[in-house]
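Nothing here was measured: the structure is a model prediction, and the numbers come from that model. In what follows, chains carry the letters A, B, and so on, assigned in the order in which the sequence lines appear, proteins first and then strands, with residues in each chain numbered from 1.
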Amino acid sequence: MMLTVNHYIILSAILFSIGAVGVLMRRNPLIMFMSIELMLNAVNLAFVGFSRYLQSIDGQVFVFLILTVAAAEVAVGLAIIVALFRTRQTVNVDEANTLKG
Amino acid sequence: MELIPFYFLAALGVIAALGVVMLRNPVYSALCLAVVFVSLAGLYVLLSAPFLAAAQVMIYAGAILILFVFVIMLLSPGSDPLKEELKWQRPLAVIFGVALVAQLALVIALAVLPPTRGPFTPELIAQIGSTQAVGASLFTDFLLPFEITSLLLLVAIVGVIVLAKKRQ
């Protein structure tokens, strides 16, 4: 049995679904954020798998750009979580239910 | 030949990903996330993308994870509360997750992949080097997205400073 692109895509789908379940299930914004990173990584794996299959380098360039966007997103998101904790003294997203908190 | 390392890294990645979602202590979740990142870096090596594997370890396992651990230490939030606002949320999330896997597997099984092949065979990438291949594409075909990404990073820096600043 050969290692095909489908192996990588199915692994990517499994990792993406685990990340999606994590976002739906957990109430801690830090862990929800980690789940979002998990989903981004799953998509990156699909990109690299298709890049190998199609023998094109474009997928790898996309992954490089996604890496940068993820770094920016984490910096801003964690700053928001710290600001939330500073005003509400909790890290439970169910508590953060008012605007202009 | 490649199947044994693939299954090893895939099993490691899936188990660690389940750990990220299931474990109650955020520090353990962060450590599991590190395992996921490193196993994905190994998979990138299998896919003949060693440059991305190095970038993955440096940016994700290095920078992003350090930031996560730093914020966990700063806030020390402890474990999740056992009390739930919505009791049906957890089982429903699991049901939706299983449905999502089934749906994606169905699509992948039914998909007909295009036979078009580009010039970048693994042999060519090994010959000219993965970093050179990605770099040449990044600075010619993808120059505008690359510049926009640098602008995005600038916006992120300014935004983080504004958010972290103490209100007067």
Side-chain angles (χ1 to χ4, degrees), chain A residues 1-3 5-11 13-22 24-28 30-31 33-35 37-38 41 44-45 48-49 51-58 60-61 63-65 67-76 78-83 85 91-92 94, chain B residues 2-3 6 10 13-14 17-18 20-21 26 29-30 33 36-37 40 43-44 47-49 52 55 59-60 63-64 67-68 71-72 74-75 77 80-81 85 89-90 93-94 96-97 100-101 104-105 108 113 116-121 133-134 137-138 142 145 149 152-153 156 159-160 163-164:
Chain A
M1 201 171 125
M2 280 288 293
L3 191 58
V5 65
N6 277 7
H7 286 81
Y8 290 101
I9 306 306
I10 291 198
L11 175 61
I14 292 170
L15 286 177
F16 188 91
S17 305
I18 292 173
V21 170
L24 292 174
M25 204 167 77
R26 301 302 297 260
R27 297 294 89 197
N28 185 338
L30 283 164
I31 299 200
F33 227 142
M34 287 181 203
S35 303
E37 291 305 311
L38 215 58
N41 268 283
N44 281 353
L45 181 65
V48 182
S51 160
R52 165 74 177 263
Y53 170 76
L54 295 170
Q55 298 182 356
S56 155
I57 210 80
D58 293 358
Q60 298 194 20
V61 178
V63 171
F64 191 73
L65 297 176
L67 227 63
T68 326
V69 173
E73 176 224 334
V74 164
V76 176
L78 289 178
I80 291 173
I81 293 173
V82 170
F85 185 76
V91 283
N92 186 346
D94 287 333
Chain B
E2 281 179 329
L3 273 178
F6 172 80
V14 170
L18 285 173
V20 172
V21 175
S29 289
L33 198 63
V36 176
F37 290 157
L40 280 177
L43 288 171
Y44 292 163
L47 283 165
S48 66
L52 281 186
I59 298 176
Y60 270 117
I64 291 181
L67 213 57
F68 267 116
V71 171
I72 291 169
L74 192 68
L75 304 185
D80 267 12
E85 294 277 315
Q89 191 168 5
R90 258 171 213 205
V94 174
F96 276 142
L100 187 59
V101 171
L104 288 170
I108 292 162
L113 290 172
T116 48
R117 297 281 172 119
F120 287 97
T121 58
V134 174
S137 189
L138 195 63
F142 292 92
T149 308
L152 178 81
L153 283 178
V160 167
L163 279 170

- Query: Which atom pair, heavy atoms only, marks the closest approach of A83(A) to L163(B)?
  - Reply: CB-O, 4.4 Å
- Item | Heavy-atom proximity to chain A below 4.5 Å, by part of L74(B) | side chain
- Task: Could you tell me which portion of A10(B) (side chain, backbone, both or neither) has an atom closer than 4.5 angstrom to a non-hydrogen atom of chain A?
- Result: both
- Note on the structure: So CD1 of I31(A) and OG of S29(B): to nearest 0.5 Å the spacing works out to 3.5 Å
- Tell me, for L33(B) versus chain A, whether the close heavy atoms (under 4.5 Å) come from the side chain, the backbone, both or neither. side chain
- Message: Between L65(A), V61(A), I57(A), who has the most heavy-atom pairs with chain B when the cutoff is under 4.5 Å?
- Response: I57(A)
- Pick one of side chain, backbone, both or neither for T68(A), based on which atoms fall under 4.5 Å of a heavy atom in chain B. both
- Query: In terms of heavy-atom proximity below 4.5 Å to chain B, should L11(A) be classed as side chain, backbone, both, or neither?
  - Reply: side chain
- Task: Using the side chain to side chain contact (heavy atoms under 4.5 Å, CB included) rule, take N44(A) and L40(B) through it: C-alpha gap first, then chi angles, then the decisive distance, then the call.
- Result: CA-CA 9 Å; N44(A) 281 353; L40(B) 280 177; over 6 Å; no
- Query: Is there side-chain contact between P119(B) and Q55(A), with at least one heavy-atom pair below 4.5 Å?
  - Reply: no
- At what distance, to the nearest 0.5 angstrom, does CZ of R26(A) lie from CD of Q89(B)? 12.0 Å
- Query: Given the options A79(A), G49(A), S17(A), which has more heavy-atom pairs under 4.5 Å with chain B than any of the others?
  - Reply: S17(A)
- Keeping the roles fixed (side chain from Q60(A), backbone from A49(B)), state whether a donor-acceptor pair exists under 3.5 Å. no
- Query: Would the number of heavy atoms belonging to other residues, nucleotides or ligands and lying under 6.0 Å from CZ of F96(B) be above 12?
  - Reply: no
- Task: Look at L152(B), L113(B), L138(B) and state which one has the largest set of heavy-atom pairs under 4.5 Å with chain A.
- Result: L113(B)
- Item | Side chain, backbone, both or neither of L47(B) within contact of chain A (heavy atoms, under 4.5 Å) | both
- Specify the closest pair of heavy atoms between G13(B) and L15(A), including all atoms of both residues, with the distance to one decimal. O-CD2, 3.9 Å
- Message: I want to check something: taking the side chain as every heavy atom from C-beta on, are V20(B) and E37(A) in contact at a cut-off of under 4.5 Å?
- Response: no
- Just do the side chain to side chain contact (heavy atoms under 4.5 Å, CB included) check on I14(A) and L104(B) with the steps written out, would you? CA-CA 9 Å; I14(A) 292 170; L104(B) 288 170; over 6 Å; no
- Of the listed residues (I9(A), L45(A), V63(A), V82(A)), which shares the most heavy-atom pairs with chain B below a 4.5 Å separation? L45(A)
- When every non-hydrogen atom of A75(A) is compared with those of L67(B), the smallest separation belongs to CA-CD2, 3.9 Å
- Heavy-atom closest pair, residues H7(A) and L3(B): NE2-CD2, 4.1 Å
- Find out whether V74(A) and Y60(B) are in side-chain contact, i.e. whether some heavy atom of one side chain is under 4.5 Å from a heavy atom of the other. no
- Between CD1 on residue I64(B) and CG on residue N41(A), distance to nearest 0.5 Å: 8.0 Å
- Message: Any non-hydrogen side-chain atom of L100(B) less than 4.5 Å from a side-chain atom of F16(A)?
- Response: yes
- Item | Contact origin within V36(B) toward chain A - heavy atom pairs under 4.5 Å | side chain
- Interchain contact, F68(B) with chain A, by part (heavy-atom threshold 4.5 Å): both
- Item | Nearest non-hydrogen partners of A17(B) and I18(A), listed with the distance | O-CG2, 3.6 Å
- Query: Centroid-to-centroid, F64(A) to F142(B), below 6.0 Å?
  - Reply: no
- Query: Using a cut-off of under 4.5 Å for heavy-atom pairs, which of A156(B), G159(B), A105(B) has the most such pairs with chain A?
  - Reply: A156(B)
- Looking at A72(A) and L153(B), what are the two nearest heavy atoms and their distance? CB-CD2, 4.0 Å
- Would you say L52(B) and V48(A) make side-chain contact, with heavy atoms under 4.5 Å? yes
